[in-house]
Amino acid sequence: MATGAGQPLKTTRPSSFSRASSPSFSPSSSSSASPSLAPGVRIGANGAAFVSSGIPDLDRILGGGFLVGSVVMVMEDGNAPHHLLLLRNFMSQGIVHGQSVLFAGPTTEPRFFLGTLPSPVVQKEGVKIMHDTSDVQDKEKGLRIAWQYKKYFGEQNTVDSHNRDKKQEFSSDFDLRKPLERHLLNSQNIECISTLDAIDLTKLQNHCSTFVSKLSRKDAVNLNAGRIAIQSLCAPQCGYFEKDWDILSFIRSLRAMVRSSNAVAVITFPASVLSNSISKRWQHLADTLLSVRAIPDEDKDLAKLLTGYQDMVGFLHVHKVAQFNSQVPVILDASTFSLKLQKRRSLVLERLNQAPVEGSSGVSYGTSGSCSSSTGSPLDF
Amino acid sequence: MAEAVLRSLRDGCLEGEHAPALSLQDSLLSPLASHALHHFLTSLLSLVANGKSQSRGIVLVAFDRSPSFYLDLFKRAGFDTSTVDKGTRILDCYTDPVGWNDAVHQSGQNSLITLVKNVKDVDKLLCSIVDLAKEFGGEEKERVVVAIDSVSHMLRHAPLSSVLRLLSNLRCHEKISSLFWLIHTDLHEPKVVGSFEYISTMVASLEPIVQLPDYANGNSGNITSLEENYSKAKFNVRLKRRNGRVKLFCEELLIEQDSVKFSSVPSISSVVTQNLIPKVQFNLQLSDKERMDRANVVLPFEHQGDGRNIEIYDGRRSLGESEKDPSSTKTGGLSGQNKLSNNNNNQSERGEIHYIRDSDDEQADSDEDPDDDLDI
């Protein structure tokens, strides 16, 4: 255990970690050697620390993962439960890495949600090696042909490429059909709170502040991260549903608590049940803002427009990406991705690709994806 | 199809799931939702009477109209009294909702109707509904369908969160098979309507067939055609399916003598899907097979062998682009541009490039001045 001796830590780690991807403690691979890294935390550009979201594609899109100390908000679509996929992967990743997790949900028994968390796919060694060799081949090819579209290939690799082998352990692929092992769920650093009958948010706020107080940053000696996952914070069933300003105060205080500690908070909320102005305030409070949307079923127009329509589960739209310690904003090439289930078990995010257009009239359907249901204007290419 | 909605209400809920809930919405421009509600009520009663549905009866919470109206409705639809007696119970929130009229008491004449004197107490309302549900058959597994005549009316008396709590409690109650209600959208703020849509599994909204003409700009148009809106409407349904997708469809609702007919609309406009289409890109990436095909293309360089560009023939800058042609079929937009170089002949299967050098055809560079050809 490479934790500092003087730090009183409450995290108890389960003994049999062999199946799950083992956190790496090799100090040599990280560029900044002095802080000993906690499991599941990676140092990225500008000295910012990342934790994985549980979905490797999403980590890549966001430039490394979720920033430690940030608040991520996911706008739900009332028509489909895709936000739960994101929450599940997020929580599983934390549990697999031994990080403490706090979960709050609008059900009578939030512990039952833990039973739906996926377990990580066992990585085979051969896969890891293949990644490295194909990388070398790509570089060679670059010299042979002056390929002007090369800049579109692959995302900008802002992360240290020395951490190549560590990358596999930072974020795992999760098998959505297999539930997480019992012994991992019984560890003491997983808390569940129900928000269903709460008349106001003081109880949740108290829980969050005790949770976060165990994770405070102290001279960056020890980065032990924690995760807060709140499902459907403003769900209509909750007792505090109409107290808009109280909920906003809670989010503001949560944001302050999380910012000065090593925690990441993910909050999902259905934007359609809030009034426009309050919804805007929620969105503004987020450091990273994502939204999920449902796909219409058996839609021939959409099937003609997009490739791979049959396998798609939903859309994920990235509105805002957090950036600490830098004044350069993150600008993405594409902000809408499709959620797909690969082999029915792991979640992948793909860019939306236009299907080959038949005939000379390439009618463009490009509409800017907006999560509020206002009409978008068609773009002409 | 409205049939799909009816089937979903009829089949009710599976074990361990919440009951399906339908939200019927309308507005002032097309106020026909109550007709749709009556249609669903009568259809469900016939299914219940024939034993084809999961539920044993219907519990109707009547706010907008008196219970006798509903009994008449059933009679006009052709149900005999015994079917109605066995299959329905009505919670009367119409006669005396807030208890002002002391003269009105629970009359013993009709055992079907239960009077409610205080609709502000939503918890008590929930208990009354569940009690009525328990009256249908003594067995544990019997379920009922609950219909709420108008949630808009309910919201007059009780706050939004308690009404939503009532509906979600009904949805998870073991005695309830399915649930549907009526709401008038222009009486409430959008977030209220949004909350009801959130807790429902099906949303059916009625829209006007004839749009309102633009009075503000002095264009009064043909007012008489607006009357059509009172007999016809567009019935748009959004179903949430188990696979996480949304099924959208649109039908036309027609009011006839005493009944309602649904007919399919010939042209389904794709306006509905416009909102959902995000920005898409051309696929500029290669799949693995395409990458291998591209690697197999032999490039017509002067010196092959070590992969370095010793000599690229000068006039053939477009070489780099057009040889991409055989290996990727997905870049639809690019293929049109690359017909320029007419000396290259690409075979799509194996990615060969047939290259004929221009210089072999021409004479060596003579001292011709091309400007000599000009005739000025």
Side-chain angles (χ1 to χ4, degrees), chain A residues 78-82 140-141 143-149 152-153 235-239 241-242 270 272-276 278 293-299 301-302 305-307 313-315 317 333-336 351-354 356-357 362 365-370 373-376 378-379 381, chain B residues 159-161 164-165 167-169 172 189-200 203 238-241 243-248 270-286 288 291 294-295 297 299 307-309 312 320-321 323-324 329-334 336:
Chain A
N79 297 323
H82 300 315
E140 265 191 23
K141 255 203 237 162
L143 294 172
R144 283 183 58 205
I145 302 170
W147 181 230
Q148 60 177 318
Y149 291 110
Y152 290 117
F153 285 3
Q237 303 98 296
C238 300
F241 173 54
E242 287 192 90
S272 59
V273 309
L274 296 170
S275 67
N276 257 346
I278 299 288
R293 237 168 342 126
I295 295 191
D297 207 6
E298 290 166 29
D299 185 344
D301 289 332
L302 219 53
L305 177 68
L306 302 169
T307 52
V313 168
F315 291 134
H317 192 90
D333 288 333
S335 54
T336 308
R351 275 192 179 180
L352 292 174
N353 292 314
Q354 187 158 353
V357 172
Y365 290 92
T367 336
S368 50
S370 54
S373 56
S374 54
T375 52
L379 287 173
F381 285 107
Chain B
L160 175 64
S161 48
L164 289 168
R165 210 100 66 82
L167 291 178
S168 49
N169 285 339
C172 12
E189 289 179 25
K191 70 166 182 159
V192 172
V193 178
S195 323
F196 283 102
E197 287 182 16
Y198 181 78
I199 57 174
S200 64
V203 176
R238 223 167 45 215
L239 284 173
K240 295 180 202 178
R241 298 184 101 180
N243 60 2
R245 290 189 175 197
V246 181
K247 183 109 196 354
L248 302 156
S270 59
V271 176
V272 161
T273 52
Q274 279 289 342
N275 296 341
L276 302 170
I277 296 178
K279 196 160 75 167
V280 296
Q281 272 104 4
F282 288 113
N283 183 11
L284 292 170
Q285 294 175 332
L286 301 176
D288 287 331
R291 238 177 244 136
R294 186 178 74 164
V297 171
L299 305 170
R308 287 198 295 133
N309 304 346
I312 301 183
E321 297 158 289
E323 55 116 46
K324 195 46 185 104
T329 50
K330 286 217 170 175
T331 55
L334 294 177

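Each chain gets a letter, A, B and so on, in the order its sequence line appears, and its residues count up from 1. Every value quoted in this text rests on a predicted model; they were computed, and no experiment measured them.
Considering all non-hydrogen atoms of both residues, B:Gly194 and A:Val273 come closest at O-CG1, 4.0 Å. Taking all atoms of both residues into account, the shortest heavy-atom contact from B:Tyr198 to A:Pro270 is CE1-CB, 3.4 Å.
For the pair A:Glu242 and B:Pro159, the minimum side-chain heavy-atom distance is below 4.5 Å.
Within the 4.5 angstrom heavy-atom criterion, only side-chain atoms of B:Leu164, from C-beta onward, approach chain A. For a residue to count as touching a neighbouring chain, one of its non-hydrogen atoms must lie under 4.5 Å from one of that chain's; by this rule B:Ser168 touches chain A with the side chain only. For A:Gln237, the parts lying under 4.5 angstrom from a heavy atom of chain B are both the backbone and the side chain.
In this structure, CZ on B:Arg241 lies 4.5 Å from CG on A:Asp297, to the nearest 0.5 angstrom.
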- Between A:Asn79 and B:Lys240, does a side chain to side chain contact (heavy atoms under 4.5 Å, CB included) hold up when you go through it step by step? CA-CA 6 Å; A:Asn79 297 323; B:Lys240 295 180 202 178; 3.6 Å; yes

